[in-house]
J.: 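Got a structure for you, questions after.
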Amino acid sequence: MAAGASPVIPWQNVAARIVAGDTAGTLQLVTALDAGGRRAVAAELPRHLAELKRTTDGWWEWRAQIPALRVAGAACLPGPGAVTNWLYRRDFGWRDDHVADAGRILGVLRRRPEPWRADLARRMVERLRASHLDVEIPHWRIAASLVRETGIEPPPNDAFVVGWLRSLGAAGQAARRPDLERLARDPLFVRLLPRVFDLAGLGSALSGAQVDVIARMVHEGLLDRAEILDRVAGRLLADGAAAVPALTELHDRIA
């Protein structure tokens, strides 16, 4: 550095990448910051966002910055509560390649200590809403990965179970036995399958795809037939005439 020159403030570099919509560049910078640099960026992110909202007519004018803003907040904001609030901002609706975005965010979150990530996982699961799950599925992906990796018991949120059911149906389509065995070993499978039959909104969550996977796993011996049948029959008896048709189909396939 030349004599008398001022050191480059970390935020200036990060801000330039965010404004350019350069998510990969932002990711590279924030993961290289020391603790002081992360604190500096964390302090500036809310101000930057407030300025964007003050000087533009809406998020569509700065939508290219959203993936970079998400990853910068995930990497630099200090506490699990602050990161949860940042990722769940309505300004940051998942309008782009949310699979890639969720992967980048998970990458920076894995640099945090396990107890911190476990706290974040609980907070993110608790914030999920079944009625908004279509737009919150990236939040579900992040939360589900964190629950698996930290081994915590998922909080009792039906939206989390619904998200898992949807992923179960997608993962199980045309799956062969080895794939079904991998599904059965998923930590979420053991924790969430019993909750399925208690879901208040079971009718909107259980469809033919999930019925097919569960029935095939029963027939393959990966699930206990008597246990699943008992749970299905119990829900059918409880619901009576209002029972979900897909549940009746599952009963018929495994009985």
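Just so it is clear, the values below take in all heavy atoms, side chains as well, and ignore hydrogens, waters and symmetry mates.
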J.: If you count heavy atoms of other groups shown closer than 6.0 angstrom to CD of Glu61, is the number above 12?
T.: yes
J.: Under 6.0 Å between ring centres, would you say that holds for Trp86 and Phe92?
T.: yes
J.: Are any of the side-chain nitrogens in Asp101 or Arg104 under 4.0 Å away from the carboxylate oxygens of its partner?
T.: yes
J.: Looking at residues at least two apart in the chain, or sitting in another chain, which of them share a side-chain contact (heavy atoms from CB on, under 4.5 Å) with Pro155?
T.: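 Per chain and number, Pro155 pairs via side-chain contact (heavy atoms from CB on, under 4.5 Å) with Arg122, Val125, Glu126.
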J.: Keeping Gln65 on the side-chain end and Ala20 on the backbone end, is there a donor-acceptor pair under 3.5 Å?
T.: no
J.: Could you go through the side chain to side chain contact (heavy atoms under 4.5 Å, CB included) check for Leu29 and Val41 one step at a time?
T.: CA-CA 11 Å; Leu29 287 177; Val41 171; over 6 Å; no
J.: Are Tyr88 and Leu128 close enough that some pair of their side-chain heavy atoms sits under 4.5 Å apart?
T.: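 The answer is yes; the side chains approach within 4.5 Å.
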J.: Assigning hydrophobic clusters by single linkage (Ile, Leu, Val, Met, Phe, Trp, Tyr; side-chain heavy-atom cutoff under 4.5 Å), is Leu69 placed with Trp60?
T.: yes
J.: Run the side-chain donor-acceptor check on residues 226-240: report pairs under 3.5 Å with partners two or more places apart or on a different chain.
T.:
| residue | atom | partner | partner atom | Å |
| --- | --- | --- | --- | --- |
| Arg235 | NE | Asp239 | OD1 | 3.3 |
| Arg235 | NE | Asp239 | OD2 | 2.6 |
| Arg235 | NH1 | Phe197 | O | 3.0 |
| Arg235 | NH1 | Leu199 | O | 2.9 |
| Arg235 | NH2 | Leu199 | O | 2.9 |

J.: Kindly compute the distance separating CD1 (Ile105) from CG (Leu27), expressed to the nearest 0.5 Å.
T.: 10.0 Å
J.: A side-chain contact here means heavy atoms from C-beta on lying under 4.5 Å apart; do Leu247 and Val211 qualify?
T.: no
J.: For Arg127 and Asn85, which I'm curious about, is there any donor-acceptor pair between the side chains at under 3.5 Å?
T.: yes
J.: Report the C-alpha separation of Arg89 and Leu49 in whole Å, then their side-chain angles, then the decisive distance to 0.1 Å, and conclude whether the side chain to side chain contact (heavy atoms under 4.5 Å, CB included) test is met.
T.: CA-CA 11 Å; Arg89 290 191 66 97; Leu49 182 58; 3.0 Å; yes
J.: When rounded to the nearest 0.5 angstrom, what distance separates NE2 in His219 from CZ in Arg225?
T.: 5.5 Å
J.: Spell out, as yes or no, whether a donor-acceptor pair under 3.5 Å connects the side chain of Trp140 to the backbone of Phe160.
T.: yes
J.: Taking the six-membered ring of Trp116 (Phe, Tyr or Trp), confirm whether the NZ or CZ of Arg112 is under 6.0 Å from its centre and within 45° of its axis.
T.: yes
J.: Using the salt bridge (Lys or Arg N to Asp or Glu O under 4.0 Å) rule, take Asp212 and Arg253 through it: C-alpha gap first, then chi angles, then the decisive distance, then the call.
T.: CA-CA 9 Å; Asp212 183 62; Arg253 288 188 60 174; 3.2 Å; yes
J.: Start with the C-alpha distance between Arg148 and Glu153, add both sets of side-chain angles, then the distance that settles salt bridge (Lys or Arg N to Asp or Glu O under 4.0 Å), and finish with yes or no.
T.: CA-CA 9 Å; Arg148 289 185 179 105; Glu153 185 68 25; over 6 Å; no
J.: Is any side-chain heavy atom of Glu44 closer than 4.5 Å to one of Arg47?
T.: yes
J.: Checking Arg141 now: which residues fulfil salt bridge (charged side-chain N to carboxylate O under 4.0 Å, His left out) with it, not counting sequence neighbours?
T.: none
J.: Among Val147, Asn157, Asp119, Leu87, exactly one meets side chain to side chain contact (heavy atoms under 4.5 Å, CB included) together with Met124. Which residue is that?
T.: Leu87
J.: Measuring from atom CG of Leu250 to atom CD1 of Ile254, what distance do you get when rounded to the nearest 0.5 angstrom?
T.: 4.5 Å
J.: Supply the atom-to-atom distance Leu222 CG to Ile214 CD1, rounded to the nearest 0.5 angstrom.
T.: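 Leu222 atom CG to Ile214 atom CD1 measures 12.5 Å (nearest 0.5 Å).
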J.: Do any N or O atoms from the side chain of Gln210 and from the backbone of Ser207 form a donor-acceptor pair under 3.5 angstrom?
T.: yes
J.: Using 0.5 Å steps for rounding, measure from the CG atom of Leu192 to the CG atom of Leu165.
T.: 8.5 Å
J.: Same cluster or not: are Val71 and Val19 linked, directly or through other Ile, Leu, Val, Met, Phe, Trp or Tyr residues, by side-chain heavy atoms under 4.5 angstrom apart?
T.: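 Val71 does not cluster with Val19.
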J.: Any side-chain to backbone donor/acceptor pair from Arg38 onto Leu33? Under 3.5 Å, distance only.
T.: yes
J.: Is any side-chain heavy atom of Phe189 closer than 4.5 Å to a side-chain heavy atom of Leu168?
T.: yes
